[in-house]
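Have a look at the structure below, then the notes.
Read the numbers this way: they start at 1 and go in the same order the structure lists the ligands and their atoms.
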Amino acid sequence: MGLKNTALFFLAILLPLHISPSSSSSVFSSETSGFATSVLDVSASLEQTRQVLFFTPKRFPPSPQQEQEQTRTAPTSSSSFSVRLHPRDAVFNPHHRSYKSLVLARLDHDTARVKSLVTKLQVALSHNNMSDLRPTETELQPEALSTPVSSGTGQGSGGYLARVGIGQPPQQFYMLLDTGSDVNWLQSKPCVDCYQQSDPIFDPSESSSYSLVTCDSQECSALDTSACLYDKCLYQVSYGDGSFTVGEYITETLTFDNSSSLYGVAMGCGHVNEGLFAGAAGLLGLGGGSPSLTSQIKASSFSYCLVDRDSNKSSTLDFNYSALPGHSVTVPLLRNPKMNTFYYVNLTGISVGGRMLPLPASTFALNDSGRGGVIVDSGTTITRLRRLAYYLLRDEFRIQTVNLRPSTTGDTFFDTCYDFSSLTSVTVPTLSFHFSGGKSLRLPAKNYLIPVESNGTFCFAFAPSSSSSLSIIGNVQQQGTRVSFDIANSIVGFSPDNC
Ligand SMILES: *[C@@H]1O[C@H](CO)[C@@H](O)[C@H](O)[C@H]1NC(C)=O
Ligand SMILES: *[C@@H]1O[C@H](CO)[C@@H](O)[C@H](O)[C@H]1NC(C)=O
Ligand SMILES: *[C@@H]1O[C@H](CO)[C@@H](O)[C@H](O)[C@H]1NC(C)=O
Ligand SMILES: *[C@@H]1O[C@H](CO)[C@@H](O)[C@H](O)[C@H]1NC(C)=O
Ligand SMILES: *[C@@H]1O[C@H](CO)[C@@H](O)[C@H](O)[C@H]1NC(C)=O
Ligand SMILES: *[C@@H]1O[C@H](CO)[C@@H](O)[C@H](O)[C@H]1NC(C)=O
Ligand SMILES: *[C@@H]1O[C@H](CO)[C@@H](O)[C@H](O)[C@H]1NC(C)=O
């Protein structure tokens with residue numbers, strides 16, 4: 001490590017970077033370096049850090065009239081429909097006294113989120129041989145519930161929410177949308193144990209479309225963990241971060257934006273629920289497994305656009321769209337042979353300032369035993385890369401930014417930060433993801449340099465995967481990009497500037 005850093009230091013000195021003698025100029029340029037560059041709008045990012053603390057919570061649904069106006073016009077095919085997506089902090093006021101404390105809370109939750117994804121994968125890989133022989137119902141294990149690993153902060157905090165009507169007549173709820181899990185559920189009366197949510201708890205007795213799922217049904221046998229009680233199918237989901245939900249498995253009517261209804265969607269009616277789940281009433285799983293919403297409605301495709309986590313704008317989650325947006329970078333959608341929840345892409349390289357990192361070809365490969373690989377996840381905030389890739393990326397980025405003023409932050413999550421407090425915009429190296437087939441996706445500068453304090457401290461928004469060989473493309477890196485999953489044709493599309 002010491003040797004490597006020394007080598008990099010000399011390398012940095014030898015590189016023909018132009019270092020400006022004065023930093024009083026508000027726009028700093030490193031264009032003479034010969035590396036490809038992008039411009040980061042420092043003022044715009046900082047302005048949002050001030051506003052995010054004061055958003056008015058959207059506790060109540062807009063009137064149906066407004067919702068209708070906001071809904072995307074001109075559905076592209078008769079079966080397509082969409083729902084508005086809101087960043088979590090715009091819906092539930094984060095109540096932090098400073099932007100820094102908000103960032104620290106988000107990073108804590110993000111660490112728990114990644115841990116729960118990795119746990120899910122490890123459980124799937126270790127049970128794989130058993131699962132082929134597994135009976136369709138396994139016993140619920142109550143003891144598993146009494147040993148939470150942490151307080152269950154991992155689910156939802158970095159996530160995006162949609163207002164969804166459940167039941168007939170529809171009761172409106174904020175639901176988390178999660179590409180990293182499959183089972184849909186919501187907290188339901190009677191509550192044995194419910195965490196605090198912003199909407200009133202769902203009351204099955206007020207819905208005429210509520211229906212119990214029987215034990216021998218296809219829906220019940222699609223669950224990983226289920227049990228049978230007087231021919232009622234019971235479900236359980238544990239998220240590996242201490243959070244879980246248990247209850248009856250039911251079918252219900254879901255209404256999106258008060259207009260498109262989906263009938264008979266199987267979901268959990270959770271009577272024992274622990275975790276935070278960002279204060280949402282429940283979760284809709286968009287993963288690739290059979291209990292997920294996307295699988296149940298046989299969606300041939302879905303796409304989302306994640307607006308900036310600090311903004312109070314909204315975007316849409318579209319199902320069954322008929323064509324990819326123009327200017328999409330299209331790459332193959334891969335599946336893990338051992339676990340079908342996650343959406344993998346064949347990332348083959350990363351470049352900084354136009355220079356490819358010298359990564360071994362196998363770095364991001366998903367192998368036959370289900371290890372390695374890169375998933376695209378809506379609920380993880382910061383992209384995680386395998387250690388070697390992260391350190392090569394970070395070091396190259398540091399080399400190309402020696403002309404920028406570094407900053408040390410109080411926390412240890414990020415190891416590469418800058419002081420942009422005297423700048424309104426700054427020129428930084430480009431950063432692109434390269435995929436098999438020669439396609440590349442160039443990220444906007446604000447998708448890899450994010451503010452961590454309102455006073456102008458920005459950090460390089462990547463992190464090493466802790467112990468796992470799994471890499472995850474998180475939502476900071478997806479912001480402002482419409483990400484389309486063409487399930488029928490196994491293609492993922494990235495369309496920049498398309499929220
Ligand atoms: C989505 O499209 C697929 C394929 O065309 C179709 O089978 C499915 O019913 C559609 N889903 C909805 C909810 O319209
Ligand atoms: C499953 O079991 C077979 C032999 O029983 C073994 O060869 C294979 O490696 C196992 N697969 C996993 C993923 O453990
Ligand atoms: C929206 O829902 C409300 C009550 O939930 C209902 O009165 C209204 O007619 C609905 N509007 C549409 C367009 O379905
Ligand atoms: C969004 O934020 C802007 C700027 O703070 C504010 O003017 C606007 O009213 C907010 N909109 C909502 C719906 O909270
Ligand atoms: C799969 O990848 C993991 C992690 O990269 C590695 O440890 C393992 O040996 C690989 N297995 C095979 C069969 O290639
Ligand atoms: C920003 O504030 C932190 C303390 O919260 C301080 O350590 C840091 O030096 C400040 N940065 C600038 C550029 O003022
Ligand atoms: C991923 O890309 C590499 C390099 O182009 C290729 O060799 C490999 O076969 C691809 N993997 C899959 C599963 O498509």
By side-chain hydrogen bond (donor to acceptor under 3.5 Å, both in side chains) - contacts of S351 (at least two apart)
H434
ring-ring contact (aromatic ring centres under 6.0 Å, His included): which pairs involve residues 475-499, sequence neighbours left out?
F302-F485, Y304-F485, Y343-F485, F435-F494
Do you see a donor-acceptor pair shorter than 3.5 Å between the side chains of R386 and S468?
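Looking only at side-chain atoms, S468 and R386 do not form any donor-acceptor pair under 3.5 Å.
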When you measure from the SG of C228 to the SG of C215, is the result less than 2.5 Å?
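Disulfide present: SG-SG distance under 2.5 Å.
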Between W185 and Y195, what is the ring plane arrangement, given parallel below 30°, perpendicular above 60°, and tilted in between?
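W185 and Y195: perpendicular rings.
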Counting both backbone and side chain atoms, is some N or O of F81 under 3.5 Å from an N or O of ligand 1?
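Among all N and O atoms of F81, none is under 3.5 Å from an N or O of ligand 1.
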Dump all N/O pairs between ligand 7 and the protein below 3.5 Å as a table: atom names plus distance, one pair per row.
| residue | atom | partner | partner atom | Å |
| --- | --- | --- | --- | --- |
| ligand 7 | 2 (O) | N346 | OD1 | 3.3 |
| ligand 7 | 2 (O) | N346 | ND2 | 2.5 |
| ligand 7 | 11 (N) | N346 | ND2 | 2.8 |
| ligand 7 | 14 (O) | N346 | ND2 | 3.4 |

Under 4.0 Å between heavy atoms, the region of F319 that gets near ligand 1 turns out to be neither
Do T416 and F414 have side-chain heavy atoms sitting under 4.5 Å apart?
no
side-chain contact (heavy atoms from CB on, under 4.5 Å) partners for P325, two or more places apart:
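P325 satisfies side-chain contact (heavy atoms from CB on, under 4.5 Å) with S328, R482, S484, S495, N498 only.
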